[in-house]
Structure formats: C-alpha cells, structure tokens
**Q** 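I'd like to ask you about the structure that follows.
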Number of protein chains: 2
Amino acid sequence: MSATAESSAGALPASSQGAVPALATVLLARIARVVRRRFETALGPLGLRQRQIVALSYLRGHGPTAQQRLAEQLCMDPSSLVCLLNSLEERDLVVRRRDRSDRRRGLVVLSSRGEDALGEVDPALARVEEAILADLDIGERELLRGLLARITAGELDWELGAGDP
Amino acid sequence: MSATAESSAGALPASSQGAVPALATVLLARIARVVRRRFETALGPLGLRQRQIVALSYLRGHGPTAQQRLAEQLCMDPSSLVCLLNSLEERDLVVRRRDRSDRRRGLVVLSSRGEDALGEVDPALARVEEAILADLDIGERELLRGLLARITAGELDWELGAGDP
DNA sequence: CCGAATGGTTTGTGAAGAACCAACCTTCCG
DNA sequence: CGGAAGGTTGGTTCTTCACAAACCATTCGG
C-alpha cells in the first residue's frame with residue numbers, strides 16, 4: 001500500500017507524548033478481559049457463559065449458519081464447537097438441522113427459546129457495555145461498534161496463520 | 001443521561017436490515033479470540049505470552065507503576081499478577097523497586113531488556129494487527145485505537161461490579 | 001506504643017476453556 | 001468404489017486464573 005501502511009507493518013503508532021502507545025490489538029486484549037469478567041458475572045445467575053452468548057448473538061445476527069462456518073467465524077476448533085453446540089442444544093437454545101442440499105452439512109439455527117434467552121440477557125449485557133464504554137459518547141460507541149463489525153465481517157484472517165508471511 | 005442513553009441501557013442498537021446487530025462488546029469478545037490466538041502464535045517462538053506483552057506494553061506506555069495499580073489496570077487478581085511479574089522478572093524484563101515514600105508499595109519498572117524484548121516483538125504484533133484490521137483503512141485504525149485508548153484510560157469500571165446497580 | 005489496615009507474597013485448590021488428536025459415521029463426488 | 005468432506009465422540013494436555021488462607025513488612029491513627 002502506501003508508505004504509511006508499509007511503515008505501520010513494522011512500527012508502533014507515533015506518539016506526541018514520548019510514551020509509546022499500545023497497539024489497538026493490545027488495548028483490545030485488555031478490554032476483552034474486563035468484558036469477559038463482567039459478562040460472566042452478569043450471565044452467571046442465568047446459567048450462561050460468554051461464549052454461549054457470542055454464538056447465540058452471531059446466529060441472531062446472521063441467521064442459520066453451517067456448523068463449519070460457525071466454527072470459522074467464532075474462531076473455534078470444530079470439536080470445541082460441537083461441545084458448545086451440545087450445551088446450547090441441551091437448553092433448546094439452538095436447533096441443528098441438516099442442509100437439504102448437502103446432508104453432510106449441519107445448519108445451526110437459533111431457536112425461539114434462544115431468542116427469548118438473548119432477549120432476557122440483553123439488558124444486562126447492555127449495562128455492561130454502558131459501563132465499559134462510559135467514556136465514549138453515543139456517537140463514538142456507534143462508531144466503535146461499526147468498526148468492530150467491519151472487522152468481524154471480513155473473511156480474511158480469521159483462520160490462524162492466514163495472511164501471514 | 002439523555003433518553004437515548006437511557007434506552008440504550010436496555011436495548012440493542014437499531015438495525016436497518018432486520019437482523020439484530022451484536023453489541024460492540026460482543027464483537028470485541030469475538031475479535032479478542034483471534035487476537036489472542038495470533039499473538040500467541042507470533043510470540044511462541046520468543047517464549048512470550050500475550051498477557052506478558054500486555055503488561056510490558058502497559059509499562060512502556062505508562063512508566064513505573066505501583067503493583068496494585070497494575071493489577072487494577074490489567075484487571076488481574078493480585079496473586080495472579082505476582083505470578084506474572086515473577087515470570088517477567090525471571091527474564092529480566094521488569095524490575096521491582098520499593099516506593100521510597102511508602103516502602104510497602106512496589107513499583108514495577110520496564111527494564112531495558114524489557115524494552116528490547118518489546119522492540120523485538122513489535123514488528124510481529126504489528127503484522128498481526130495489520131492482518132486483523134485489514135478491512136479498515138489507516139485513518140479508521142487510528143480512530144479505533146483512539147477509542148480503545150479512551151476506554152482503557154478511564155478509571156471507572158475496571159473493578160468488577162463497579163458501577164453496577 | 002499498639003492494633004488495625006495496607007501492600008505484597010506464597011502456596012494450593014478448583015474450575016473453565018479449549019486446542020489437539022485419533023477414530024468413527026454419514027454423505028458426497030469424481 | 002474409493003477418497004474427501006462434514007460432523008461427532010472421547011480423551012489428553014495445557015493454560016489461565018480466580019479465590020482463599022496464611023504470612024511478612026510497613027504505615028498510620030488513636
């Protein structure tokens with residue numbers, strides 16, 4: 001790309017204050033710890049875990065999804081995903097259906113109970129988000145969400161190692 | 001706050017497409033999985049882990065830090081932080097010094113070897129970031145980094161449960 | 001001066017996540 | 001029909017890490 005992009009592949013963002021600012025991904029990793037803890041705290045009473053919510057949330061946003069694709073999107077090992085889906089199926093939060101066009105393939109579908117469960121936890125998760133993003137105004141939160149959504153919408157690089165030299 | 005803020009405490013962001021978009025924090029949790037895996041892959045050959053880099057990166061950006069504060073900022077249990085610092089001290093990546101004004105208090109200082117180690121991993125981590133944020137342009141990446149930095153700069157709510165009703 | 005509190009450390013336990021692997025079954029395709 | 005694909009099971013191993021109790025050194029207020 002441009003010289004700027006080239007330099008960014010080997011250097012940290014410039015700082016006007018002398019201290020070396022952390023990479024966005026390092027900051028994101030820090031914030032994710034807090035998100036996780038607070039999500040787990042909020043979800044505990046409902047017997048749910050963050051990773052279940054992440055999966056349910058994905059299905060609510062994307063509709064029925066092939067299991068293999070779901071594993072890719074959630075960056076999970078296929079057998080780990082099977083365990084997760086088993087736990088969701090036990091609670092009737094998702095349904096697995098065979099793809100008629102290729103019966104090897106399983107489609108994971110958010111059930112109505114799953115939608116209800118999400119609806120139930122939404123307020124609590126929204127409060128967690130409110131607290132974590134307290135220093136951003138509404139517009140900035142939307143901006144952040146949009147950027148994060150763009151990142152997750154991209155196909156490139158979800159696979160471990162993809163795109164690496 | 002405003003009615004908008006009030007409504008956001010109990011509802012998901014409106015979508016123009018019908019599908020319910022995920023919360024920013026849910027998206028962030030997903031992305032963090034990828035960040036972690038790719039960081040661990042990049043750091044493995046150097047015998048480092050993401051959580052060590054997060055700590056070193058914090059110290060590089062903030063200077064000598066009281067241990068208690070570091071635990072807060074990294075959202076870690078004090079005894080877990082002790083283990084982490086022990087592993088960094090063993091590698092001479094940090095130095096612990098007593099605060100002269102209160103000798104109970106320990107200050108954690110990034111050592112010159114720690115700075116060198118960070119310098120060594122910076123290119124690899126920058127490449128991970130480049131790959132993960134590939135769908136954002138340079139300006140958007142800076143914007144994202146700025147928003148994340150604002151979130152981590154905030155004191156409020158790093159404590160588990162703080163700010164909750 | 002003393003007791004309570006603070007900051008840090010050690011040791012141990014238990015829980016959870018989750019990658020990885022081998023083996024297996026069903027289905028698809030050339 | 002054989003190889004590949006999609007999914008599943010069961011197991012192993014590793015890591016994280018919160019939590020708790022007990023301890024030590026230091027500080028501070030009464």
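Note on naming: letters A, B, ... go to the chains in the order of the sequence lines (proteins, then strands), and numbering restarts at 1 for each one. Keep in mind that this is a model prediction, so the values were computed, not measured.
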**Q** Can any side-chain N or O of B:Ser111 pair as donor or acceptor with the backbone N or O of B:Leu93 at less than 3.5 Å?
**A**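 Side chain of B:Ser111 to backbone of B:Leu93, a donor-acceptor pair under 3.5 Å: yes, one is there.
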**Q** Figure out the CG/P separation between B:Leu81 and D:dA18, and round it to whole Å.
**A**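 Distance, rounded to whole Å: 10 Å.
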**Q** Do A:Leu70 and A:His62 touch side chain to side chain, with heavy atoms closer than 4.5 Å?
**A**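 Result no, sub-4.5 Å side-chain heavy-atom pair not found.
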**Q** Give me the atom names and distance for the closest heavy-atom approach of B:Arg33 to A:Cys75.
**A** NH2-O, 2.6 Å
**Q** Between A:Glu115 and A:Arg60, does any NZ, NE, NH1 or NH2 come within less than 4.0 Å of an OD or OE carboxylate oxygen?
**A** no
**Q** Taking the minimum atom-to-atom distance to the side chain of B:Ser79, which one of C:dA18, D:dT9, D:dA20 wins?
**A**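 Output: D:dA20.
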**Q** Consider only side-chain N and O atoms of B:Arg30 and A:Gln73, and report whether a donor and an acceptor are under 3.5 Å apart.
**A** yes
**Q** For the pair made of CD in B:Glu40 and P in C:dA19, what is the distance, rounded to whole Å?
**A** 12 Å
**Q** Look at the side chain of A:Thr65 and the backbone N and O of A:Gly63, then say whether any donor-acceptor pair between them is shorter than 3.5 Å.
**A** yes
**Q** Look at atom CZ of B:Arg97 and say whether more than 12 heavy atoms of other residues, nucleotides or ligands are closer to it than 6.0 Å.
**A**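 No - once you tally the heavy atoms of other residues, nucleotides and ligands closer than 6.0 Å, there are 12 at most.
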**Q** Identify, residue by residue, the members of residues 84-105 of chain A with a heavy atom below 4.0 Å from DNA chain C, and return them in order of residue number, or none.
**A**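 The stretch gives A:Asp102, A:Arg103, A:Arg104 as the residues lying under 4.0 Å from the strand, ordered by number.
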**Q** How many Å lie between CG on B:Asp77 and P on C:dG14, as a whole number?
**A** 17 Å
**Q** Through what angle, rounded to 10 degrees, does the axis of the helix from C:dC1-D:dG30 to C:dG30-D:dC1 turn between its ends, using five pairs per end?
**A** 30°
**Q** So which nucleotide from C:dC20, C:dG8, D:dC17 ends up closest to the side chain of A:Arg33?
**A**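 Of the candidates, D:dC17 comes closest.
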**Q** Taking the basic N atoms (NZ, or NE/NH1/NH2) and the acidic carboxylate oxygens, is any pair closer than 4.0 Å for A:Arg49 and A:Glu40?
**A**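 Salt bridge flag = yes for A:Glu40 with A:Arg49.
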**Q** Is it true that B:Arg113 and B:Asp92 make a salt bridge, defined as a side-chain N closer than 4.0 Å to a carboxylate O?
**A** yes
**Q** State whether the side chain of B:Thr41 and the backbone N or O of B:Arg37 hold a donor-acceptor pair below 3.5 Å, judged by distance alone.
**A**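 A pair under 3.5 Å: yes.
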**Q** Please compare A:Met76 and B:Ala66 by the position of their nearest nucleotide in DNA chain C and report the one closer to 5'.
**A** B:Ala66
**Q** Please report, rounded to the nearest Å, how far the P atom of C:dG17 is from the CZ atom of B:Arg37.
**A** 16 Å
**Q** Can you tell me how far P of C:dT6 sits from CZ of B:Arg69, to the nearest Å?
**A** 18 Å
**Q** Within residues 45-53 of chain A, find the residues that approach DNA chain D with a heavy atom at under 4.0 Å, and present them sorted by residue number.
**A** none
**Q** In plain terms, say whether A:Arg141 and A:Glu129 are close enough for a salt bridge, that is, a side-chain N and a carboxylate O under 4.0 Å apart.
**A**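 No.
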**Q** Give the nucleotide from the list D:dG7, C:dA18, D:dC19 with an atom nearest to the side chain of A:Gln68.
**A** D:dG7
**Q** A:Gln67 side chain N/O closer than 4.0 Å to the phosphate oxygens (OP1, OP2) of D:dG6?
**A**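 Negative; the distance criterion is not met.
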